[in-house]
Visitor: 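My questions all concern the structure below.
None of the values given here were measured: they were computed from a predicted structure.
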Amino acid sequence: RSGYLMAMGEKVARLWELLGVDEAEQAAFEDSLTGGLSERTMRVGELELARLESLKAAKMAELVAAKRVDVERLWQATAATPAQQAGFTAMRVVDPSRFDDALLEQHDQEVQRLERRLDTMQPLKQLFEKYEAAATARAELEELQKDKDRLKGRNSSKQLKLEEAMGKQIKGLPKVV
């Protein structure tokens with residue numbers, strides 16, 4: 001009984017998270033349990049699991065659509081090629097009557113795969129952003145240096161300090177990204 005209740009509790013917790021059940025409703029359910037391994041606890045757990053499963057079936061199109069939004073966002077973030085996107089065949093299923101647990105699971109696995117890929121790409125992405133910032137600073141510095149009279153007026157010392165700071169940032173520019 002203990003193992004059965006634990007497995008059922010894990011399923012209920014996953015469904016609560018998937019369906020976005022608010023914490024007040026979760027707390028109310030947990031308060032209704034008397035604890036222990038009684039028949040009543042088992043019955044209440046099974047009823048909650050059945051309720052959540054039917055709710056999931058009713059919201060299947062919404063859940064798949066939400067996962068698809070996540071997949072597309074991650075494709076954008078990881079710069080996935082059209083060929084890579086086409087490799088995810090579950091995205092081609094458009095008939096809501098064909099949406100089921102297996103399709104939702106495929107989408108969930110793709111989201112997890114893309115999140116892992118994004119995590120591995122993050123250090124490279126940060127280097128690229130640093131390079132772009134330095135390249136922008138270089139362009140700004142070149143534009144400032146075109147003005148021959150920039151250091152003749154008031155506050156020229158501030159202008160010179162700004163240019164020196166930009167020069168230091170540009171020197172930190174990696175040769176290869």
Side-chain angles (χ1 to χ4, degrees), residues 1-136 169 172 174 177:
R1 279 188 177 191
S2 177
Y4 176 73
L5 276 175
M6 285 182 80
M8 187 173 19
E10 289 172 4
K11 287 179 187 176
V12 167
R14 276 195 308 268
L15 286 170
W16 278 343
E17 183 180 338
L18 178 67
L19 297 169
V21 175
D22 64 345
E23 291 182 19
E25 191 175 337
Q26 292 177 28
F29 170 76
E30 289 171 357
D31 290 342
S32 72
L33 297 176
T34 58
L37 304 174
S38 69
E39 283 292 324
R40 182 186 176 288
T41 301
M42 303 266 290
R43 193 170 49 252
V44 169
E46 288 168 349
L47 288 172
E48 179 68 2
L49 185 59
R51 182 186 76 83
L52 292 171
E53 288 289 346
S54 72
L55 186 60
K56 182 174 94 172
K59 289 187 168 188
M60 187 59 71
E62 284 178 45
L63 296 171
V64 170
K67 291 291 181 184
R68 286 184 172 181
V69 167
D70 290 343
V71 167
E72 289 172 350
R73 174 185 55 81
L74 289 164
W75 278 345
Q76 182 73 28
T78 59
T81 65
Q84 291 170 327
Q85 294 176 18
F88 181 56
T89 58
M91 197 67 112
R92 294 185 203 143
V93 178
V94 293
D95 182 12
S97 66
R98 294 183 53 206
F99 291 178
D100 59 3
D101 286 340
L103 185 70
L104 184 63
E105 182 62 28
Q106 287 176 339
H107 281 78
D108 195 41
Q109 289 174 358
E110 181 70 2
V111 166
Q112 290 172 8
R113 185 187 72 78
L114 289 169
E115 285 175 342
R116 285 190 306 271
R117 182 173 178 206
L118 185 60
D119 286 345
T120 60
M121 292 173 69
Q122 208 61 33
L124 181 62
K125 222 174 160 181
Q126 289 171 346
L127 279 175
F128 185 74
E129 289 168 0
K130 184 178 178 182
Y131 177 83
E132 281 186 332
T136 302
Q169 182 180 8
V177 176

Visitor: CE/Met60 to CG/Leu55 distance, rounded to the nearest 0.5 angstrom?
Guide: 10.5 Å
Visitor: Run the salt-bridge test on Arg43 and Glu46 with the 4.0 Å N-O cut-off and return the result as yes or no.
Guide: no
Visitor: Check step by step if side-chain contact (heavy atoms from CB on, under 4.5 Å) holds for Arg98 and Leu103.
Guide: CA-CA 8 Å; Arg98 294 183 53 206; Leu103 185 70; over 6 Å; no
Visitor: Keeping Arg117 on the side-chain end and Trp75 on the backbone end, is there a donor-acceptor pair under 3.5 Å?
Guide: no
Visitor: With rounding to the nearest 0.5 angstrom, report the CE to CZ distance, Met121 to Phe128.
Guide: 11.0 Å
Visitor: Test Glu72 against Met91 for side-chain contact (heavy atoms from CB on, under 4.5 Å), laying out the working first.
Guide: CA-CA 10 Å; Glu72 289 172 350; Met91 197 67 112; 3.9 Å; yes
Visitor: In Å and rounded to the nearest 0.5 Å, what is the CZ to CG distance from Arg113 to Leu118?
Guide: 11.5 Å
Visitor: By the side chain to side chain donor-acceptor pair (under 3.5 Å) test, which pairs, at least two apart or in different chains, include something from residues 55-64?
Guide: Lys56-Asp101
Visitor: Using the side-chain contact (heavy atoms from CB on, under 4.5 Å) rule, take Val111 and His107 through it: C-alpha gap first, then chi angles, then the decisive distance, then the call.
Guide: CA-CA 6 Å; Val111 166; His107 281 78; 5.6 Å; no
Visitor: Quick one: pull up CD in Glu115 and OG1 in Thr78 and give me the separation to the nearest 0.5 Å.
Guide: 11.0 Å
Visitor: Nearest heavy-atom pair of Gln106 and Ala90: which atoms, and what distance?
Guide: OE1-CB, 3.2 Å
Visitor: Tell me every residue that passes side-chain contact (heavy atoms from CB on, under 4.5 Å) with Ala61, counting only those two or more places apart in sequence or in another chain.
Guide: Phe99
Visitor: Quick one: do Asp119 and Arg116 satisfy side-chain contact (heavy atoms from CB on, under 4.5 Å)? Show the steps, please.
Guide: CA-CA 5 Å; Asp119 286 345; Arg116 285 190 306 271; 5.5 Å; no
Visitor: Between side-chain atoms of residues 15-28 and protein atoms elsewhere (two or more places apart, or another chain), which donor-acceptor pairs fall under 3.5 Å?
Guide:
from, atom 1, to, atom 2, distance (Å)
Trp16, NE1, Glu48, OE2, 3.1
Asp22, OD1, Glu25, N, 3.3
Glu25, OE2, Arg51, NH1, 3.4
Glu25, OE2, Arg51, NH2, 2.8
Gln26, NE2, Val21, O, 2.9

Visitor: Looking at CZ of Arg14 and CG of Leu49, how far apart are the two atoms once the value is rounded to the nearest 0.5 Å?
Guide: 9.5 Å
Visitor: Say you draw a straight line from CG of Leu5 to CD of Glu10; how long is it, rounded to the nearest 0.5 Å?
Guide: 11.5 Å
